[in-house]
Colleague: 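For reference, the structure I am asking about is given below.
Just so we're on the same page: letters track the sequence lines, and every chain starts at 1.
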Protein chains: 2
Amino acid sequence: MHPDHPTAQRALEAALELFSRRGYAAVSMGDVAGALGIKAPSLYKYFAGKEELYAALLPLLDRHYAELWASAAEAQSQLERSLGPAGLLASGQLERETFAWFRPELDDPQAGCLRRLMALGPLGPAPGPDPDRWLWREPLALYEGWFQRLIAREVLRRGDPHVMAVEYLAPLFRLLAMADRADPDALAEEALRHIRQFHRIFALRAPRPAPRLFRR
Amino acid sequence: MHPDHPTAQRALEAALELFSRRGYAAVSMGDVAGALGIKAPSLYKYFAGKEELYAALLPLLDRHYAELWASAAEAQSQLERSLGPAGLLASGQLERETFAWFRPELDDPQAGCLRRLMALGPLGPAPGPDPDRWLWREPLALYEGWFQRLIAREVLRRGDPHVMAVEYLAPLFRLLAMADRADPDALAEEALRHIRQFHRIFALRAPRPAPRLFRR
DNA sequence: TCCGTTGGCGAATGGCTAGTAGCCGTTCAC
DNA sequence: GTGAACGGCTACTAGCCATTCGCCAACGGA
């Protein structure tokens, strides 16, 4: 009756949408109930109060982002394995790795709600999940380590892996933040331009044959 | 008595701080008044209502960002003039140009409030100023044009100026967004690492003397 | 000295909101 | 069949909030 009842699930979806769009304080229990076609008191059958309703959303955030970066890590090691012992990095490989998490995150409306809710940060009654962790520490550590390994294997050009990770991820996060106002395909297209430029800059190319000093 | 009275000014400062930190709906007129040491009814001597108080903050945002990007444009053309006809770009010059607007924006607490208020976006009663414009369209157009000119003058390496501008600005904006939770000097230090890496990648160096094929 | 203005106050009003209590039709296990 | 649990409702309370009103103390010019 409490947590997994279908009505409770629908209430969670509606609450996520409303809280993320208007903020905790500006959403009344009546608003949430109205989105389900019921009246406010009925919500109290499923949640002890407004704060509990909000609190029930927070684990969704942690779970979503934990899975997101797990999928990114998976795509990374898959790419790494496919490189072989002394591989070159193709632009399409880098794109495939990133789009493995970026494109679903860009298209999923629920992911957009979770992102907005995260961005609202400390506006709710509870502190909420840590944007610094999920949007920076975790993904930065992931990409920093990955770039470091790719540099060590001479797949990428030498550079500060931390700065590289920031410069790689920050433009992508900017596009995600625009996802509810812009065409996803246009955003994906711009992500592609960014990824390609990053590749052009940092990917090592096949060593040129040593120049012959004399022709023929 | 209405707009420029000292008490009205203090009310605007307090409202900016409170609205930006807790959001419009969660701040009461009593909260704002309390921050000035007066009671709620007195606020109505200066503002017709809560919405007018909020609305009075919006021009501050437009003005602040208009001045911000104007100062960036000024620093850019100053750097451009100092390059001379066929100049090389020193890392310190790029840093000086950027820090002309970045460092004040990083340190000024009022700028931080304005940034948070802008980030709250459409949570207030009025639509508010456009974050896409002030945080992306304006600065991107500025840096895009600048990079384009620097590429044309062979100061910067060839590349997509739009992507370059995004890759230059997005990491800086990330640091600004962290400004109320982190040490400003540490953030400035990281900005510096970013600027230096960007310079290392994109700045053209003096053409090396042609390699001699035989030593001595 | 006196009177208008300024800048504040407490009290009252009306609306909205979270949360409670109790009622009622439906379903379903027994 | 029937009774209990389910899932919804209406009605109600208490409290907060924006806003209004009328009052008052201080001040400053005539």
Colleague: For C/dC9, does either OP1 or OP2 sit under 4.0 Å from a side-chain N or O belonging to B/Ser42?
Modeller: yes
Colleague: To the nearest Å, how far apart are A/Arg10 CZ and D/dG7 C1'?
Modeller: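 Result: 12 Å.
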Colleague: Using 30° and 60° as the class boundaries, would you call the ring planes of A/Trp146 and A/Tyr143 parallel, tilted or perpendicular?
Modeller: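 The arrangement is perpendicular - the two ring planes meet at more than 60°.
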Colleague: Report all interatomic pairs (protein N or O, nucleotide N or O of nucleotides 18-21 of chain C) with separations under 3.5 Å.
Modeller:
{"from": "C/dA18", "atom 1": "OP1", "to": "A/Lys50", "atom 2": "NZ", "distance (Å)": "3.3"}
{"from": "C/dA18", "atom 1": "OP2", "to": "A/Met29", "atom 2": "N", "distance (Å)": "3.0"}
{"from": "C/dG19", "atom 1": "OP2", "to": "A/Tyr44", "atom 2": "OH", "distance (Å)": "3.2"}
{"from": "C/dG19", "atom 1": "OP2", "to": "A/Lys50", "atom 2": "N", "distance (Å)": "2.8"}

Colleague: Quick one: A/Phe47 CZ to D/dG8 P, roughly how many Å, whole number?
Modeller: 12 Å
Colleague: Using whole Å, what does the distance between atom P of nucleotide D/dC6 and atom CD1 of A/Ile38 come to?
Modeller: 16 Å
Colleague: What about B/His162 and B/Phe147, are their ring centers closer than 6.0 Å?
Modeller: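 Not under 6.0 Å, so no.
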Colleague: To the nearest angstrom, how far is A/Tyr24 atom OH from C/dT17 atom P?
Modeller: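 Rounded to whole Å, this separation is 13 Å.
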Colleague: Is there a donor-acceptor contact under 3.5 Å linking the side chains of A/Gln78 and A/Arg81?
Modeller: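 Result is no, nothing qualifies.
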Colleague: Whole-Å distance between D/dA18 P and B/Tyr54 OH?
Modeller: 15 Å
Colleague: Examine A/Lys50 relative to A/Tyr44 and say whether NZ or CZ is less than 6.0 Å from the centre of the six-membered ring and inside a 45° cone about the ring axis.
Modeller: no
Colleague: Test for a donor-acceptor pair under 3.5 Å between the base of C/dG8 and the side chain of B/Lys45, counting only N and O atoms.
Modeller: yes
Colleague: Tell me whether the rings of B/Phe99 and B/Phe102 are parallel (<30°), tilted (30 to 60°) or perpendicular (>60°).
Modeller: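 Geometry flag for B/Phe102 against B/Phe99: tilted rings.
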Colleague: Which class fits the ring pair B/Phe173 and B/Trp101: parallel under 30°, tilted 30 to 60°, perpendicular over 60°?
Modeller: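 Rings of B/Phe173 and B/Trp101: perpendicular, as their planes differ by over 60°.
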